[in-house]
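Let me begin by presenting the structure, written as structure tokens, before commenting on it.
Computation of the quantities below employed the complete heavy-atom set of this structure, encompassing side-chain atoms and omitting hydrogens, waters and symmetry-equivalent molecules.
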Amino acid sequence: MAERARTYHHGDLRASLVEEAAAMISEAGTASVTMRAIGGRLGVSRAAPYRHFPDKTALLVAVAVEGFRRLNQRLRGSGTGTSGSSVERLRHMGEQYVRFALENPAHYRLMYGREALARQDHPELREAAGALLEHLIGVIRVHQERGEIEREDPRAQAYVAWSAVHGLASLLIERQIDPNVDVNALLSQTTQTLLDGMRD
């Protein structure tokens, strides 16, 4: 605890609270997150966290929104440096989605997993999730216009693509897949199968 307090710098408490909440979720789930506990871990007063978040739910929403922001940024940059045809970048997006979940399980569980928050109750969360979906739909439309994938309902295709990578991500982070499996090979096969289906 003392070490964490020394690494905290006044002026960025909000960001520190979000990161610390994500760490606590990774360690012991959302039930472990309390405003008192997180303040203690950061070495601040009990009242300090409430200056940024009125309650635990608001803090968890911020963690999820930050997750959506990071994932959106990652997917938007996923085509950089990718070789091959432009449609291969769509497959690369799928791979990056799963890798994000594996690297950020706490954020992902609040975004889409078993601890996900009800978006209808939190407009900022609904907006962040919607922006990510609309980006995927836009990418699919571009590839349709280029004749690289089938011209079907782009929203429906986005849901199909999302379902495939979300399913794999969830199975992996919840350890429902044999730990000895080659994750890279499985990820490549999943996204390639999905892309092949969209081309038919």
Please tell me if the side chains of Leu102 and Val183 come closer than 4.5 Å, counting only heavy atoms from C-beta onward.
yes

Supply the atom-to-atom distance Ile173 CD1 to Leu168 CG, rounded to the nearest 0.5 angstrom.
10.5 Å

Taking the side chain as every heavy atom from C-beta outward, state whether Asp55 and Met35 have any atom pair closer than 4.5 Å.
no

Go through it in stages, so that I can follow the logic: the residues are His135 and Asn72, the test is side-chain contact (heavy atoms from CB on, under 4.5 Å), and I'd like the CA-CA distance, side-chain angles, deciding distance and then a yes or no.
CA-CA 8 Å; His135 173 62; Asn72 203 340; 4.2 Å; yes

Any carboxylate oxygen within less than 4.0 angstrom of a Lys/Arg side-chain nitrogen, looking at Arg74 and Glu103?
yes

Side chain proximity check, Leu187 to Arg99, heavy atoms < 4.5 angstrom
yes

Which pairs count as side chain to side chain donor-acceptor pair (under 3.5 Å) when at least one residue sits in residues 58-70, sequence neighbours excluded?
Glu19-Arg70, Glu66-Arg69, Glu66-Arg70

Under the side-chain hydrogen bond (donor to acceptor under 3.5 Å, both in side chains) rule, what do Arg109 and Asn104 come out as? Steps first, then yes or no, please.
CA-CA 9 Å; Arg109 287 188 178 109; Asn104 304 274; over 6 Å; no

Distance, nearest 0.5 Å, that separates NE2 of His92 from CG of Leu90:
11.5 Å

Main chain of Arg119, side chain of Arg126: is a donor-acceptor contact present, judged purely on distance under 3.5 Å?
yes

Evaluate the criterion side-chain contact (heavy atoms from CB on, under 4.5 Å) for residue pair Leu186 and Ile177; output intermediate values, then yes/no.
CA-CA 10 Å; Leu186 180 59; Ile177 290 180; 3.9 Å; yes

Under 6.0 Å from the CD atom of Glu174, do we count more than 12 heavy atoms belonging to anything else shown?
yes

Could you check whether the rings of His166 and Tyr112 sit parallel, tilted or perpendicular, using 30° and 60° as the cut-offs?
perpendicular

Would a 4.5 Å heavy-atom cut-off, applied to side chains only, mark Val61 and Glu124 as touching?
yes

Is the backbone of Gly167 close enough, under 3.5 Å, to the side chain of Ser170 for a donor and an acceptor to pair up by distance?
no

Heavy-atom distance under 4.5 Å between the side chains of Thr57 and His122, does that happen here?
yes

Is it the case that one hydrophobic cluster holds both Leu132 and Val142, taking links as side-chain heavy atoms less than 4.5 Å apart, direct or via other members?
no

With a 4.0 Å cut-off on N to O distance, would you call Arg91 and Glu95 a salt bridge?
yes

First locate atom CG of Leu195, then atom CE of Met93, and finally report the distance between them rounded to the nearest 0.5 Å.
12.0 Å

Under 4.5 Å between side-chain heavy atoms, hopping through other hydrophobics if needed: is there a path connecting Met111 to Ile137?
yes

Tyr97 side, atom OH; Leu75 side, atom CG - distance, nearest 0.5 Å:
8.5 Å

I'd like to know if Glu88 and Arg199 make a salt bridge, using a cut-off of under 4.0 Å between side-chain N and carboxylate O.
yes

Please determine whether salt bridge (charged side-chain N to carboxylate O under 4.0 Å, His left out) holds for the pair Glu27 and Arg41, giving the CA-CA distance in whole Å, both sets of side-chain angles, and the decisive distance to 0.1 Å.
CA-CA 13 Å; Glu27 293 165 12; Arg41 284 171 63 118; 3.0 Å; yes

Is the gap between the ring centers of Tyr108 and Phe68 under 6.0 Å?
no

Heavy-atom pair with the smallest gap, counting every atom of Phe53 and Ala62
CE2-CB, 3.5 Å

Are there more than 12 heavy atoms of other residues, nucleotides or ligands under 6.0 Å from atom CD of Gln189?
no

Do Ile25 and Ser32 have side-chain heavy atoms sitting under 4.5 Å apart?
no

Quick one: closest heavy-atom pair of Leu17 and Pro49, and the distance?
CD1-CA, 3.8 Å

In Å and rounded to the nearest 0.5 Å, what is the CD to OG distance from Glu20 to Ser16?
8.0 Å

How long is the span from the CD1 atom in Ile38 to the CZ atom in Arg46, to the nearest 0.5 Å?
15.0 Å

Quick one: do Arg151 and Glu145 make a salt bridge, cutoff under 4.0 Å?
no

Do you know the tightest heavy-atom contact between Ala21 and Val63?
CB-CG2, 3.8 Å

Test applied, side chain to side chain contact (heavy atoms under 4.5 Å, CB included); reference residue, Gln157; option that passes from Leu194, Leu136, Ile140:
Ile140

